Chemist: 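Quick one: the structure is below, and I'll ask about it shortly.
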Amino acid sequence: MCHSCSSSRCKNTAHAHSSTHLQSTTVSSETCCNTSSSVASSSCSVTDSLQEDSDDPARARGCRHEKDVNIEHEHKHSCCATSSPEPEAVITGGNVLEWRVSNMDCPSCAGKLETALRGIDGLVDAKVRFATEKLVVSFSAPPSEASLSTIKTRAEKTGFPLTPVSEPKKAKVPLTLFQRIQKEGVLIALISVMALAGVLSFWHAELSSTLFTLATVIGLLPILKKAGSLAKSGSPFSIEMLMSIAALGALYLGETVEAAMVLVLFLIGERLEGYASSRARDGIQALMALVPDDVILIDDNGERKSVPVSSLQPSHCIEIAPGGRLPADAELMGHTASFDLSALTGESIPVEKLVGEKVPAGALVVDQVVQLRVVSEQGKSAIDRILTLIEEAESRRAPVERFIDRFSRWYTPLMILVAALVVVVPPLLFGESWDTWVYRGLALLLIACPCALVISTPAAMTSGLAAAARQGALIKGGAALEALSKVDYIAFDKTGTLTEGKPAVTDILTWSGDEATLIAQSSAIETGSHHPLAKALVAEAKRRQVPELVAEKMKATAGRGVSGVVNGQNVSLVALDKLDAEQRLSDVQQDAAQALAESGKTVAIVFVEEQAKGAIAWRDELRDTAKDTVSALNRKGVRSVMLTGDNPKAAAGLAAQLNMEYRAGLMPEGKVDAINALAKGSRVAMVGDGINDAPAMKAATIGIAMGGGTDVALETADIALSHNRIESLPDIVNLARATMSNVHQNVTLAIGLKAVFLVTTVLGYTGLWVAVLADSGATAIVTMNALRLLKWGKAK
């Protein structure tokens, strides 16, 4: 019986060492754990990619070894297994804590909360992630209970109460009619009193005016209260403060009807803004909803029981019925099954997974009941990694977004000064009516509110990022999105990007000795390598059933080849175009090898004790969609170039087929030099999937990683394609350009409308209610315009 996965049928011997420590959320290896154990437990630790290379037996063995070591280590050091009650804030690392934030309607709410938290003792930074509704704070030292209490108190006073991230988020339940009326009580009461006052105005003007005043007070009290709270927390120039000043000023002037109308339009505008912003966030919330709250766990008697997903730990065995989604990354057990990964990769066709293969969280079971073994820790599943990328993206804002943020900081105080001058200057210098210019100054104050301008860019960026995520492109922030919209060149790695990444051995030339020995020696020094050519050679050796030899002192040189000692002999496998002065070929040998290279194949020469014994050739076929992708990019004015370590002859043949430029014979540093050369006069994106592509991706204006690539490539990239379909690149470029166009439209609308109404207000053509309509209307227009981007993928 397995006490780790609660299954009597589980045969994983590593489970025998499991302990209750697996339930602990944090482990300190410094307090009681020896160095060797710490090193062993981290030896295989890498960040999982969105799609694991699960058919790699060497890598699978390594990960299983890591799990065995971790579990045994935890079992031996029971002093590490101390647990504490779950904190209200989740500590994510060091002195960083997280809470879930409630009542946020728009990105500007995030800024208000961040401002309110400034000045707390020990607080280094406070960031509100609007998309995922999280508050992330960092302290210079472990925070005190007083500091945590202050954070919660200030957040609540600002109007954004905090709840523990660990608490399951309550599903939205449609409100009943009574609940809707109760929620919108102030707005409904305000409209009702105004309607009654409007009717009475025909018969009793004084009573009507009194009722309009009462309506203004009803609507103003909660707004005034919130304005005061925001002013105390460091946001004195909020829209609530401006509304309060305008309403009180209108009452002072006796404009009771306009005072009430101002508040009605403001409250309606707030509701519209909240609705539009929530729609923009729906894509992210839908992603979070992919993880179910409960799952079926197989208990120690082989029976099933429903448990909270938050209780799952690595090595637990779970069962999912058709139509159910995986709550965590897991390995398939028992039999082959199909999974719908469209929510994660955008791939509409179900993917068949074999026993032992990894299936990401959020995948939908298609055809049958499946049993799986959990492999991801809490908070580290594929869904969690995507959400983390989205959260981090919010801090990587586009240059235009940062400019507007800086602009709005001095814009509002400046416009308050201008409004004050409008009120004071004409009466004092020109003898104009105080009432007239106070009224115009109040209207100017409302029109000048920067809400529409502030939300214009983040609304479009959030919508663009959500639309890209739905197509399987995880863009790490507005800066990456803006950069992608301006690229002139896209540089492609060849293997695994333009090609299938699954080369096969096509030719073996023997110049000395027999073919079987040549293959056995070559495959011995390639065993264990993750390079596609190495895997193909090892597979060919197994297919031919040649003797398995063991190599020692293996050494790989990126872009050149590999060497090792086999049965006491030095064996090297070197790329044809990377031979050094000591590695000579006869004319006949050179001609034979070159003929293979000129046919578009990758050729390597086998040396044993510096003597050329033969040559091996591989061919990696182009992706079916590669030519169409390059053609589509060319039509959009984006030029393509292939960067490869392959020989120039083979590269030239592939480039000709694709109608693109190429740079061949490049080592990793050569790719960086090629990118730098292109970047002198152009903006360049680099697409790759391997460790050797990471430096070039970092050097480029923007790096794009294929989803099936290495962890290093995925972490280095600004954009991660959660699938391996390069044909989506033209669409992603189009989306980036559409997003930036949307941003420019929004900024033009926001500034244009304000400019028009500022002039008409100063000249006396428009009043208070038009001012509010201009502000709330502009905010609603730019937000709804941004929401058009959410339909981008659906329209195709």
Side-chain angles (χ1 to χ4, degrees), residues 177-228 238-275 419-420 422-423 426-427 432-449 451 753 756-758 760-780:
L177 179 60
F178 176 75
Q179 289 173 324
R180 288 181 181 275
I181 294 173
Q182 192 176 31
K183 181 180 179 181
E184 304 297 344
V186 173
L187 182 58
I188 292 172
L190 185 56
I191 294 174
S192 301
V193 174
M194 284 184 64
L196 178 60
V199 172
L200 288 175
S201 64
F202 295 104
W203 298 283
H204 204 302
E206 284 190 19
L207 180 59
S208 174
S209 178
T210 302
L211 286 176
F212 274 119
T213 302
L214 176 63
T216 302
V217 173
I218 291 173
L220 184 58
L221 284 177
I223 296 174
L224 194 60
K225 182 180 178 182
K226 188 171 183 181
S238 63
I239 178 61
E240 288 82 5
M241 181 63 76
L242 300 183
M243 288 301 308
S244 300
I245 294 172
L248 290 171
L251 285 178
Y252 166 77
L253 296 173
E255 301 289 348
T256 56
V257 177
E258 283 209 84
M261 183 61 72
V262 162
L263 296 177
V264 168
L265 291 174
F266 171 70
L267 292 173
I268 292 175
E270 265 199 334
R271 301 305 185 274
L272 288 174
E273 185 181 341
Y275 168 75
V422 167
V423 170
E432 297 286 338
S433 167
W434 279 97
D435 287 354
T436 298
W437 288 98
V438 167
Y439 182 85
R440 292 181 183 180
L442 293 174
L444 180 65
L445 197 63
L446 290 179
I447 291 173
C449 178
C451 284
L753 284 173
V756 170
F757 284 106
L758 279 172
T760 58
T761 298
V762 173
L763 295 178
Y765 293 114
T766 53
L768 285 178
W769 70 271
V770 176
V772 177
L773 191 61
D775 175 67
S776 299
T779 302

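Quick caveat, the model's predicted, so the values are computed rather than measured. Computed over heavy atoms, backbone and side chain alike; hydrogens, waters and symmetry mates excluded.
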Chemist: Taking all non-hydrogen atoms of both residues, which atom of Trp437 and which atom of Val423 are closest, and how far apart?
Modeler: O-CG2, 3.5 Å
Chemist: State, to 0.1 Å, how close Ser244 and Ile223 come at their nearest heavy-atom pair, and which atoms those are.
Modeler: OG-CG2, 3.8 Å
Chemist: Can you name the side chain to side chain contact (heavy atoms under 4.5 Å, CB included) partners of Pro222, sequence neighbours left out?
Modeler: Val186
Chemist: Just list the side-chain donor-acceptor pairs under 3.5 Å for residues 210-218, sequence neighbours left out, or say none.
Modeler:
from	atom 1	to	atom 2	distance (Å)
Thr210	OG1	Glu206	O	3.0
Thr213	OG1	Ser209	O	3.0
Thr216	OG1	Phe212	O	2.9
Thr216	OG1	Ala260	N	3.3

Chemist: Using a 4.5 Å cut-off on heavy atoms from C-beta on, say whether the side chain of Lys225 contacts that of Leu221.
Modeler: no
Chemist: Side-chain polar contacts of residues 187-195 - donor-acceptor pairs under 3.5 angstrom, sequence neighbours left out - could you list them?
Modeler:
from	atom 1	to	atom 2	distance (Å)
Ser192	OG	Ile188	O	2.7

Chemist: Within the structure provided, determine whether Leu442 and Tyr439 are in side-chain contact (heavy-atom separation under 4.5 Å).
Modeler: no
Chemist: Taking only residues two or more places apart in sequence or in another chain, which ones pass side chain to side chain contact (heavy atoms under 4.5 Å, CB included) with Phe202?
Modeler: none
Chemist: Report the residues that fulfil side-chain hydrogen bond (donor to acceptor under 3.5 Å, both in side chains) with Ser208, sequence neighbours left out, ordered by chain and then residue number.
Modeler: none
